[in-house]
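For reference, the structure discussed in these notes is given below.
Reminder, nothing fancy here: chain letters follow the sequence lines and each chain counts from 1.
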Amino acid sequence: MSMRVRFAPSPTGVLHIGGARTALYNWLLARGAGGTFVLRVEDTDRERSTPENVERILEALRWLELDWDEGPLSQWERRERHAEAAEQLRESGHAYEDEGALRFRVPDEGELAFHDVVLGQISNPLAAIKDFVIRRSDGSPLYNLAVAVDDRDMGITHVVRGQDHVSNTPRQLMILRALGAEPPIYAHIPLLHGPDGKKLSKRHGAASVQELRDAGYLAEALRNYIALLGWGYDETTTFMTTAELIERFSLERVSKNPAVFDEQKLRSMNGRYLRELDAGELRARLEALSGRAVPPEAVAISQEKMQTLADFWPLAGFLVDRPSGYDEDAWERVMGDGAPERLRAVREALSALGEPFDAAAVEGALRDVVKRFEVKPKDVFQPIRVAITGTTVSPGIFESVAALGREETVARIDAALAHSA
RNA sequence: GGGGGCGUGGUCCAGCGGUCUAGGACAUCGGCCUUUCACGCCGGGGAUCGCGGGUUCGAAUCCCGUCGCCCCUACCA
């Protein structure tokens, strides 16, 4: 029997990080074993389970590059099967009618034990589980029934889901057993918390893959980071390609305790992925995210300084648009005594510069000015930086000036000079 | 209340009875580099492994208790 794992997101239209990690673990498991990764929707809430919401989830999964082999089967298509199973359970005496709803009968005593791949042996006294509703009075199925029936019908062999479902497992096991079905292998992975120890939510900043994508994170970096949230390969490995992740991932090594999502670490890892990207590829991604054309030189001089694609704009956006104004703080600090005079000298030097107007030539001209005025390099460079970018933070000044071009640089210096007057 | 699960520096992960004076990453601090910010490199601080017992020559690692946190206990998923 080949492995079949399934991911069943809650179709709220937003793929939360926790859900993304669950999907990733399922996907890694299936890919690593040459098995099948399938999707399905089992949320019976009509408000949530809309085609639009489901499509948004699928988009997020596609962006993460977690391809699936089938599905998702919509909840509504399987309604018949759920109804049949409920009826079967009623007829066999495993369930009974209670004020219109159908309840599953749980024995008053006894013990239900099962093996969990990450948690080990888990045992529950049945006395602690009340008879539970499996079909509402309006005839619609409830979660525990739907899951059990779907797992059976789809031949699911491995169920990897959040630890909040541990307590539901005995109920699903009882339904499966009453239906005469073979139970799958269960693995419950730890939950994700925000920095305050509470369940991760929007209050904690970016909490969905859609938000992370828009914030300029790379899918491959996110996969790497998320994989490490509850799993580790060995003592020292942090960076792994997706191929390595697939090869090395195993449920047995998944941690048992809840993890806290730390965007700073994601940023740091993303920065490294960004730096290792081919410049052309990075440019393509910047353009895809922003929908704007990005000059190759702008990418080249800012690549080593960004951590996310969004960082590009404050860093090198001055090469695309003329800054709308000057950062007040920066202006104060840099445009003090003598700065205008030095800027004028820079202006003349650059104007007089021959071709090619490249970083090396610009450096020569600017260092001449430094020498002539007998000041520190930054006394010349920082005013230029503020003049052309509006701030004190930018890529290297020679590269920046060369990338901007003589004409535009001079124009911006003139504008700054006018502003200081 | 009942049931279940978890507990290693601020965060994530490693550690599975001795090689642990507990390792790596992020964060933090200091230094180098230097035109800013980063990157990179070097170095530092920070954990009596929740706490208390026990087993053992020896425990972060095994056992018991205790405390804390989380989950389920819905005609939510």
Considering only atom P, compute the distance from B/rG54 to B/rC75 and round it to an integer number of Å.
48 Å
Pairwise distance CD(A/E244) to OG1(A/T241) - rounded to 0.5 angstrom
3.5 Å
Side chains of A/H16 and A/L192: does their closest heavy-atom pair fall under 4.5 Å?
no
Give me the distance, rounded to whole Å, that separates B/rC13 from B/rC51 when you measure between the C1' atoms they each carry.
24 Å
Is the base of B/rA77 touched by the side chain of A/D164 through a donor-acceptor pair closer than 3.5 angstrom?
no
Could you let me know what B/rU34 is paired to, Watson-Crick or G-U wobble, both distances under 3.5 Å, or none if it's on its own?
none
Is the centre of the A/W27 ring less than 6.0 Å from the centre of the A/F7 ring?
no
Considering just the side-chain nitrogens and oxygens of A/R171, establish if one lies under 4.0 Å of OP1 or OP2 belonging to B/rU73.
no
Using only heavy-atom distances, decide whether a donor-acceptor pair under 3.5 angstrom links the side-chain of A/K256 to the base of B/rC6.
no
For a quick test of reading the model: is some side-chain N or O of A/R135 closer than 4.0 Å to OP1 or OP2 of B/rC75?
no
Under 4.0 Å: is that the gap between some side-chain N or O of A/R272 and OP1 or OP2 of B/rC26?
no
Distance below 4.0 Å between A/R253 side-chain N/O and B/rC13 OP1 or OP2
no
Kindly say whether the aromatic ring centers of A/F37 and A/W68 come within a distance under 6.0 Å.
no
Is the closest side-chain donor-acceptor distance between A/H158 and A/R4 under 3.5 Å?
no
If you take atom types as modelled and just measure distance, does the side chain of A/S137 reach the base of B/rC75 with a donor-acceptor pair under 3.5 Å?
yes
Quick one: on RNA chain B, does A/Y233 or A/N257 contact a more 5' nucleotide (nearest heavy atom)?
A/N257
Any strand: nucleotide that pairs with B/rU56 via Watson-Crick or wobble, under 3.5 Å:
none
Distance (rounded to the nearest 0.5 Å) between A/R213 CZ and A/L289 CG
8.5 Å
Ring centre gap for A/Y225 and A/F261 strictly below 6.0 Å
yes
Give a yes/no on whether any side-chain N or O of A/K130 is located under 4.0 angstrom from OP1 or OP2 of B/rA74.
yes
Taking only the side-chain nitrogens and oxygens of A/S167, find out if one of them lies under 4.0 Å from OP1 or OP2 of B/rG3.
no
For A/E287, which residues count as a salt bridge (charged side-chain N to carboxylate O under 4.0 Å, His left out) partner, sequence neighbours excluded?
A/R283
State the pairing partner of B/rG43; accept Watson-Crick or G-U wobble contacts with both distances under 3.5 Å, and report none otherwise.
B/rC29
With RNA chain B as reference, determine whether A/R275 or A/D45 sits nearer its 5' end, using the nearest nucleotide of each.
A/R275
Checking all strands, does A/S123 fall into the base, sugar-phosphate, or nothing category for heavy-atom contacts under 4.0 angstrom?
sugar-phosphate
Heavy atoms within less than 4.0 Å of RNA chain B: which residues of residues 393-405 of chain A have one? Give them sorted by number.
A/V393, A/S394, A/P395, A/G396, A/I397, A/F398
For B/rC72, does OP1 or OP2 lie under 4.0 Å from any side-chain N or O of A/R161?
no
Measure from the side chain of A/E304, starting at C-beta and using heavy atoms only, and say which of B/rC12, B/rA77, B/rA38 lies closest.
B/rA38
What's the gap between B/rU73 and B/rA38 when it is taken at their P atoms, as a whole Å value?
48 Å
